[in-house]
Visitor: 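Have a look at this one before I ask anything.
Treat the numbers as computed from the prediction; the structure is a model and nothing was measured. Throughout, a chain's letter reflects where its sequence line sits, starting with A, and its residues are numbered from 1.
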Number of protein chains: 2
Amino acid sequence: MSLRDIARLAGVSVKTVSNVVNGYAHVSPETRAKVEKVLAELDYRPNLSARNLRRGRTGVIALALPELDAPYFAELSRFVIDAAAEHRWLVVIEQTDGDLDRERRVLDGVRDHRVDGVILTPFAIGAEELAARTDDTALVLLGERIHDGPADHVAIDNVRAARDVTEHLIGLGRTRIAALGAQDNSASGTAPLRLAGYRQALAEHGLPETVAKVERYHRAEGAAAMAGLLALDPRPDAVFCFNDLLALGAMRTILAAGLRVPEDVALAGLDDIEDGRYSTPTLTTVAPDKAELARIAVDLLRQRIDGRPGQPPREARAGYRLVPRESTLGR
Amino acid sequence: MSLRDIARLAGVSVKTVSNVVNGYAHVSPETRAKVEKVLAELDYRPNLSARNLRRGRTGVIALALPELDAPYFAELSRFVIDAAAEHRWLVVIEQTDGDLDRERRVLDGVRDHRVDGVILTPFAIGAEELAARTDDTALVLLGERIHDGPADHVAIDNVRAARDVTEHLIGLGRTRIAALGAQDNSASGTAPLRLAGYRQALAEHGLPETVAKVERYHRAEGAAAMAGLLALDPRPDAVFCFNDLLALGAMRTILAAGLRVPEDVALAGLDDIEDGRYSTPTLTTVAPDKAELARIAVDLLRQRIDGRPGQPPREARAGYRLVPRESTLGR
DNA sequence: GCGACTGTTTACAACGTTGAAACAACGTTG
DNA sequence: CAACGTTGTTTCAACGTTGTAAACAGTCGC
């Protein structure tokens, strides 16, 4: 069931069948009908391996992220897959676990001609290394800012989002507002950006900072870091967690300590994962427009792949919304 | 940077280079060294499109599931990707949304020679249709039982797992135990199996049944269905939810109604998603061995792809554990 | 000194597709 | 009516790889 088989049965050349399959204009109606009949009868499907070899494209892109089972990434992946499907691309998912070697290997995948391009959420890999790449991999960075990027990049405005959340907490009348989620192990810049936004807001209102660090953005670390914050005297009356998972872990610690959210400690996160809509209390958060992030990322990648090499990198921004819920209800 | 280039520079034939690249035994040490030097210098990477065309394999498998952003599926995907990586397979993820047409299209993908095989978590597609497939797609069904399966299948023992949970609830002294999660729209059989296990346990102890139906296994539906159960008189004193998401939705409803978990209503789920470990209270559940499920699925698929066609379908079982947590603590 | 064997290397064809170019048949134009 | 353009179709080569078979050199046994 290759073009040859169809051609033989329809009594035309292989190339004519190819022309019909590809919708080439100059094929006579009779020939087209004849060929299409045979195509339908045999339920012909082009061999995409062969087509790819000939065209130099695979029709597959890679989406590389630290961990698929973090809800934020799972939700984002869904949108990326949907956006890619509109360009008839398949998406292979690669998990890096935030590991430098695995991030490097993903970038190498392109050279194997297995994928046409990569959407990467970097964690460990640094700007210098990305800038030093010699190959002309089509690459889009998603969600984590690497400043003065060596590649196309799309994210929300993390500084402003963090400032908005912090101001929301200040607006509740809280004065001892902690930040939970600073990092010093990541080469990528999300945590510093969110920290900067938090600091801006506090500085504007003359309030003191309290910063808790974590290694990874998981519930367990949020829970542990929160225990540390509760041990402070005086303890914080509000906490801005740098993502929702941290916030949900923190919430667990607060409630288990017999304190109330938001009465004793108001709590806000960032990501708008579904869990936060069903926790008790529900979680105030910042909702990045994930569909837009995905659409822009795929679109930048498409332009990279189709366009001429050597174009300068582009920065794009997706929108976000502050979503107040029960965890920061006013008294 | 194709084999030809290497061959020219090393002064040998293309096939000899190919032999070196593929580790063919009968190559003289000197030739091998010479070729490998050039390979390293040019950082040669085989063109996998060409190799695939020649070998008739793509090295890519598809994992098709209803929704990637349901935590259970996200967690499972991670294990499938890891297991596939051990066979040097890439995994493309396809989302079916439980939609019949999309499930069909996934099965078609194999015929495009884009993937070597498919791991499918079916929702809408029925046993008859799968049995009626004409192509010899390598296919493994994961997690949802289609009885007398027309394809390889791996899952946990859903009936026993459901019975274990129900007996755990009975063991707490509860007598009005409801099931939440029956379905009548799904062609696949998980819900009926879990319902059967629930009924077995109740029947053995002579307790009455209460069954709440849902369409999809989401928090929102769990929350809504739980509201219905709370309106009953007398209301249930324990609920077995057919998955953790339903249970978390239900928990939200119970707590919002001013009732306590587990004192007023004990609650158990199934899946062991991470959220349940951090909810307040933490959620009792059944933990399927997801790594084992994934490993078996990938292994069955590998045997399908490598083996002769026409082998009879195989059934495999993965293990599970009951994980009691706060939501079913004894009084 | 001859055939058989082993080890090493090569030429060739093929996987299925498509771009470039060639070609035939036809109508239009000067 | 010759030159030209258009339409429809075909031939050819190539994408980069690998299986098959064959060529070649050297060694062994008799």
Side-chain angles (χ1 to χ4, degrees), chain A residues 1-39 42-60 88 109-116 135 305-306, chain B residues 1-39 42-60 88 109-116 135 305-306:
Chain A
M1 43 219 89
S2 70
L3 287 182
R4 240 206 356 246
D5 304 314
I6 308 292
R8 191 166 33 226
L9 272 130
V12 297
S13 77
V14 170
K15 188 65 217 274
T16 296
V17 180
S18 169
N19 285 339
V20 171
V21 169
N22 290 289
Y24 179 67
H26 300 302
V27 178
S28 76
E30 311 88 63
T31 309
R32 165 161 282 130
K34 194 168 54 180
V35 171
E36 273 172 349
K37 181 151 167 288
V38 182
L39 285 172
L42 297 205
D43 191 19
Y44 168 80
R45 302 311 206 65
N47 179 318
L48 295 189
S49 278
R51 179 178 282 177
N52 293 341
L53 171 60
R54 180 63 230 225
R55 291 190 177 160
R57 293 280 173 81
T58 68
V60 179
R88 303 170 146 246
V110 180
R111 315 240 302 293
D112 293 340
H113 302 265
R114 302 191 81 159
V115 297
D116 295 334
D135 50 359
I305 291 172
D306 289 342
Chain B
M1 42 220 88
S2 71
L3 288 181
R4 237 199 7 239
D5 304 315
I6 309 292
R8 192 165 32 222
L9 272 131
V12 298
S13 76
V14 169
K15 189 64 217 278
T16 296
V17 180
S18 170
N19 285 339
V20 171
V21 170
N22 290 288
Y24 179 67
H26 299 302
V27 178
S28 74
E30 312 87 63
T31 309
R32 165 161 283 131
K34 193 168 55 178
V35 171
E36 272 172 350
K37 181 152 169 289
V38 182
L39 285 173
L42 297 205
D43 191 18
Y44 168 79
R45 304 308 206 69
N47 179 320
L48 296 189
S49 279
R51 178 178 285 176
N52 293 341
L53 170 61
R54 181 62 232 231
R55 290 191 179 161
R57 292 281 173 80
T58 68
V60 180
R88 304 170 147 245
V110 180
R111 314 239 305 293
D112 292 343
H113 303 264
R114 303 191 80 159
V115 298
D116 295 335
D135 51 358
I305 291 173
D306 289 343

Visitor: Using a 4.0 Å heavy-atom cut-off across all strands, classify A/Asn22 as base, sugar-phosphate, or nothing.
Guide: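 Sugar-phosphate, backbone atoms only, no base.
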
Visitor: Can you name the closest pair of heavy atoms from B/Arg57 and B/Ile305 and give their distance?
Guide: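 Looking at all heavy atoms of both residues, the shortest contact is NH2-O, 3.4 Å.
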
Visitor: Indicate whether OP1 or OP2 belonging to D/dT9 is found under 4.0 Å from a side-chain N or O atom of A/Thr31.
Guide: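 It does, given that an N or O in the side chain of A/Thr31 lies less than 4.0 Å from OP1 or OP2 of D/dT9.
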
Visitor: Can you check whether A/Arg55 has a side-chain N or O nearer than 4.0 Å to OP1 or OP2 of D/dC15?
Guide: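 A/Arg55 to D/dC15 OP1/OP2: no side-chain N or O under 4.0 Å.
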
Visitor: Return the nearest nucleotide to the side chain of B/Leu53; candidates are C/dC15, D/dT18, C/dT18.
Guide: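 Nearest to the side-chain atoms of B/Leu53, counting from C-beta on, is C/dC15.
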
Visitor: For the pair made of CZ in A/Arg4 and P in D/dT11, what is the distance, rounded to whole Å?
Guide: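 Those two atoms, CZ and P, are 14 Å apart.
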
Visitor: The side chain of A/His26 lies closest to which of these nucleotides: D/dT7, C/dT17, D/dG16?
Guide: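 Of the options given, the side chain of A/His26 lies nearest D/dT7.
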
Visitor: What is the distance from CG of B/Asn52 to P of C/dA14, rounded to the nearest Å?
Guide: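 Atom-to-atom, B/Asn52 to C/dA14, this comes out as 21 Å.
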
Visitor: Taking only the side-chain heavy atoms of B/Ser2 (C-beta and beyond), determine which of C/dT10, D/dT10, D/dT17 contains the nearest atom.
Guide: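 The closest nucleotide is D/dT17.
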
Visitor: Toward the 5' end of DNA chain D, which comes first, A/Lys15 or A/Pro29, by nearest nucleotide?
Guide: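 Nearest-nucleotide comparison on DNA chain D picks A/Pro29.
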
Visitor: Give a yes/no answer on whether the side chain of B/Arg45 brings an N or O atom under 4.0 Å of OP1 or OP2 in D/dG16.
Guide: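 Indeed not, no polar side-chain atom of B/Arg45 lies that close.
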
Visitor: If I take atom CD1 in residue A/Ile6 and atom P in nucleotide C/dT17, what distance separates them, rounded to the nearest angstrom?
Guide: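 Distance, rounded to whole Å: 9 Å.
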
Visitor: Within the structure provided, determine whether B/Val21 and B/Leu3 are in side-chain contact (heavy-atom separation under 4.5 Å).
Guide: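 Yes, at least one pair of side-chain atoms sits under 4.5 Å.
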
Visitor: Just how far, in rounded Å, is C1' of C/dT9 from CZ of B/Arg32?
Guide: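 Between C1' of C/dT9 and CZ of B/Arg32: 13 Å.
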
Visitor: Where the side chain of A/Ala50 is defined as all heavy atoms beyond and including C-beta, which of D/dT18, C/dT17, D/dT17 is the nearest nucleotide?
Guide: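 Per side-chain heavy atoms of A/Ala50, the pick is C/dT17.
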
Visitor: Evaluate the side-chain proximity of A/Glu36 to A/Val27: yes if any heavy-atom separation is below 4.5 Å, no if none is.
Guide: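 No; the side chains remain at least 4.5 Å from each other.
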
Visitor: List for me each residue that meets side-chain contact (heavy atoms from CB on, under 4.5 Å) alongside B/Asn47, sequence neighbours excluded, and say none if there are none.
Guide: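 side-chain contact (heavy atoms from CB on, under 4.5 Å) list for B/Asn47, sorted by chain: A/Leu53, A/His113, B/Ser49, B/Ala50.
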
Visitor: Would you kindly give the CG-to-C1' distance between B/Leu3 and C/dC12, to the nearest whole Å?
Guide: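 Distance, rounded to whole Å: 16 Å.
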
Visitor: For B/Asn22 and B/Arg51, which heavy atoms make the closest approach, and how far apart are they?
Guide: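 Heavy atoms only, the tightest pair is OD1-NH2, 3.8 Å.
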
Visitor: Do any side-chain nitrogens or oxygens of B/Thr16 fall under 4.0 Å of OP1 or OP2 in C/dT10?
Guide: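 For B/Thr16, the contact criterion (side-chain N or O under 4.0 Å from OP1 or OP2 of C/dT10) is met.
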
Visitor: Indicate, yes or no, whether a donor-acceptor pair under 3.5 Å links the base of D/dT18 to the side chain of B/Arg54.
Guide: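 Yes.
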
Visitor: Less than 4.5 Å apart, any side-chain heavy atom of A/Asn19 and any of A/Val35?
Guide: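 A side-chain contact is absent here, since even the closest heavy-atom pair is not under 4.5 Å.
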
Visitor: Watson-Crick or G-U wobble partner for C/dT28, using a 3.5 Å limit on both distances?
Guide: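 Paired with D/dA3.
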
Visitor: Tell me whether the side-chain N/O atoms of B/Asn19 come closer than 4.0 Å to OP1 or OP2 in C/dT8.
Guide: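 So the side chain of B/Asn19 is outside the cut-off, no N or O lying under 4.0 Å from OP1 or OP2 of C/dT8.
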
Visitor: Does a side-chain N or O of A/Ser28 approach OP1 or OP2 of D/dG8 to a distance below 4.0 Å, or not?
Guide: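 No, A/Ser28 has no side-chain N/O under 4.0 Å of OP1/OP2 on D/dG8.
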
Visitor: May I ask you to evaluate whether A/Ser18 reaches the phosphate of C/dT18, defined as a side-chain N or O under 4.0 Å from OP1 or OP2?
Guide: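 Yes, within the criterion.
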
Visitor: On DNA chain C, check which nucleotide each of B/Ala25 and A/Arg51 is closest to and give me the residue with the more 5' one.
Guide: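 It is B/Ala25 whose nearest nucleotide is closer to the 5' end.
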
Visitor: With respect to the side chain of B/Val14, which nucleotide from D/dT18, C/dT9, D/dT10 is positioned closest?
Guide: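 Given the options D/dT18, C/dT9, D/dT10, the side chain of B/Val14 is closest to D/dT18.
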
Visitor: Please give, in whole Å, the distance from C/dT17 C1' to A/Arg57 CZ?
Guide: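 Rounded to whole Å, this separation is 16 Å.
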
